[in-house]
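The basis for the numbers below is simple: all heavy atoms, side chains too, and nothing from hydrogens, waters or symmetry mates.
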Amino acid sequence: QVQLVESGGGLVQAGGSLRLSCVVSGRTFSSYSIGWFRQAPGKEREFVAAIRWIVDGTRYADFVKGRFTISRDNAKNMVYLQMNSLKPEDTAVYYCAADPGVIVRATANSYDYWGQGTQVTVSS
């Protein structure tokens with residue numbers, strides 16, 4: 001089992017920044033990835049970014065490239081999502097998730113473990 005807990009969400013004005021954090025605990029896999037997904041009201045959950053836990057490797061959705069950065073601190077068992085230049089359409093619940101696969105994947109059903117989510121609201 002892998003447990004994930006997100007934090008760092010909140011209300012921010014358009015153009016502002018937030019940093020989301022995800023603490024990972026429990027069983028670890030040498031090849032797994034941690035991803036961030038988001039779900040806005042009435043919409044499907046969508047991939048945002050992911051990072052390999054041990055080796056280098058990241059992946060981003062096209063709509064966040066240049067604005068969001070995913071990073072990790074293995075010593076602290078933390079994964080971060082730095083979000084800059086936020087837009088109202090970034091408003092959603094953001095989830096972190098763990099995928100025991102060997103490549104960085106962008107499909108939600110590849111991820112076996114999920115956190116409870118943290119709300120991000122961007123006002124115009």
Side-chain angles (χ1 to χ4, degrees):
Q1 290 287 339
V2 178
Q3 292 80 42
L4 306 106
V5 179
E6 306 93 336
S7 62
L11 173 64
V12 64
Q13 289 187 333
S17 299
L18 281 175
R19 188 178 79 158
L20 305 183
S21 300
C22 176
V23 59
V24 184
S25 62
R27 179 184 178 185
T28 57
F29 304 90
S30 61
S31 62
Y32 73 89
S33 302
I34 300 295
W36 285 96
F37 290 77
R38 69 185 188 185
Q39 188 166 19
K43 295 186 177 181
E44 294 187 354
R45 192 168 296 189
E46 63 180 353
F47 172 76
V48 176
I51 188 167
R52 293 286 302 275
W53 185 245
I54 299 297
V55 300
D56 290 340
T58 58
R59 184 171 180 175
Y60 292 91
D62 288 342
F63 58 81
V64 302
K65 287 182 179 177
R67 299 192 298 128
F68 293 8
T69 303
I70 190 169
S71 62
R72 54 174 163 75
D73 185 334
N74 295 87
K76 296 181 179 180
N77 286 346
M78 297 290 291
V79 174
Y80 305 100
L81 185 68
Q82 178 66 44
M83 305 187 295
N84 299 327
S85 302
L86 283 163
K87 305 174 181 179
E89 52 264 43
D90 293 318
T91 295
V93 177
Y94 284 71
Y95 301 88
C96 65
D99 171 13
V102 297
I103 60 174
V104 182
R105 297 187 283 194
T107 52
N109 60 12
S110 300
Y111 289 74
D112 293 343
Y113 306 98
W114 292 81
Q116 293 300 306
T118 185
Q119 176 71 47
V120 171
T121 303
V122 184
S123 63
S124 57

- For W36 and C22, work out which heavy atoms get closest and say how close. CZ2-CB, 3.6 Å
- Does the side chain to side chain contact (heavy atoms under 4.5 Å, CB included) test come out yes or no for R59 and I103, once each step is laid out? CA-CA 10 Å; R59 184 171 180 175; I103 60 174; over 6 Å; no
- Item | Those residues that, when tested against V120, pass side-chain contact (heavy atoms from CB on, under 4.5 Å) (two or more places apart) | L18, L20, M83, Y94, V122
- When clusters are formed by joining ILVMFWY residues with side-chain heavy atoms under 4.5 Å apart, either directly or through shared neighbours, do V48 and V12 land in the same one? yes
- Between W114 and R45, does a side chain to side chain contact (heavy atoms under 4.5 Å, CB included) hold up when you go through it step by step? CA-CA 12 Å; W114 292 81; R45 192 168 296 189; 3.2 Å; yes
- Item | side-chain contact (heavy atoms from CB on, under 4.5 Å) against K43, all qualifying residues, sequence neighbours excluded | A40
- Query: How far apart are the closest heavy atoms of Q82 and S17, and which atoms are they?
  - Reply: NE2-CB, 3.9 Å
- Message: For I70 and V79: C-alpha separation, side-chain torsions, deciding distance, then whether side chain to side chain contact (heavy atoms under 4.5 Å, CB included) applies.
- Response: CA-CA 7 Å; I70 190 169; V79 174; 4.0 Å; yes
- Query: With D62, which residues qualify under side chain to side chain donor-acceptor pair (under 3.5 Å), at least two apart?
  - Reply: K65
- Item | Partner set under side-chain contact (heavy atoms from CB on, under 4.5 Å) for V102, not counting sequence neighbours | S31
- Note on the structure: Residues I34 and A98: closest non-hydrogen pair is CD1-CB, 3.8 Å
- Query: Are L4 and I54 co-members of a hydrophobic cluster defined by side-chain heavy atoms under 4.5 Å apart?
  - Reply: yes
- Message: Is there a path of hydrophobic side-chain contacts, each under 4.5 Å between heavy atoms, that joins F68 and Y111?
- Response: no
- What residues form a side-chain contact (heavy atoms from CB on, under 4.5 Å) with E89, not counting sequence neighbours? K87
- Item | Transitive ILVMFWY side-chain link W53 to V2, under 4.5 Å | yes
- Item | Side-chain ion pair, R72 and D56, N-O less than 4.0 Å | yes
- Task: Indicate yes or no for a side-chain donor-acceptor contact from Q39 to the backbone of A92 under 3.5 Å, with no hydrogens or angles considered.
- Result: no
- Item | Nearest-0.5 Å distance that lies between atom CD in Q119 and atom OG1 in T91 | 7.0 Å
- Query: From D99 CG over to R52 CZ, what is the distance, rounded to the nearest 0.5 angstrom?
  - Reply: 9.5 Å
- Message: Give me the atom names and distance for the closest heavy-atom approach of S85 to D90.
- Response: O-OD2, 4.4 Å
- Query: Just by distance, do the side chain of E6 and the backbone of C96 share a donor-acceptor pair under 3.5 Å?
  - Reply: yes
- Heavy-atom pair with the smallest gap, counting every atom of D112 and P100: OD2-CG, 3.3 Å
- Task: Decide whether V5 and Y80 are clustered together by the hydrophobic rule: side chain heavy atoms of Ile, Leu, Val, Met, Phe, Trp, Tyr closer than 4.5 Å, transitively.
- Result: yes
- Query: Is there a side chain to side chain contact (heavy atoms under 4.5 Å, CB included) between Y60 and T69 once you walk through the steps?
  - Reply: CA-CA 8 Å; Y60 292 91; T69 303; 3.8 Å; yes
- Of all heavy-atom pairs between S124 and A14, which one has the smallest distance, and what is that distance? CA-CB, 4.4 Å
- Query: ring pair (Phe, Tyr, Trp, His ring centres under 6.0 Å) with F47: which residues, sequence neighbours excluded?
  - Reply: F37
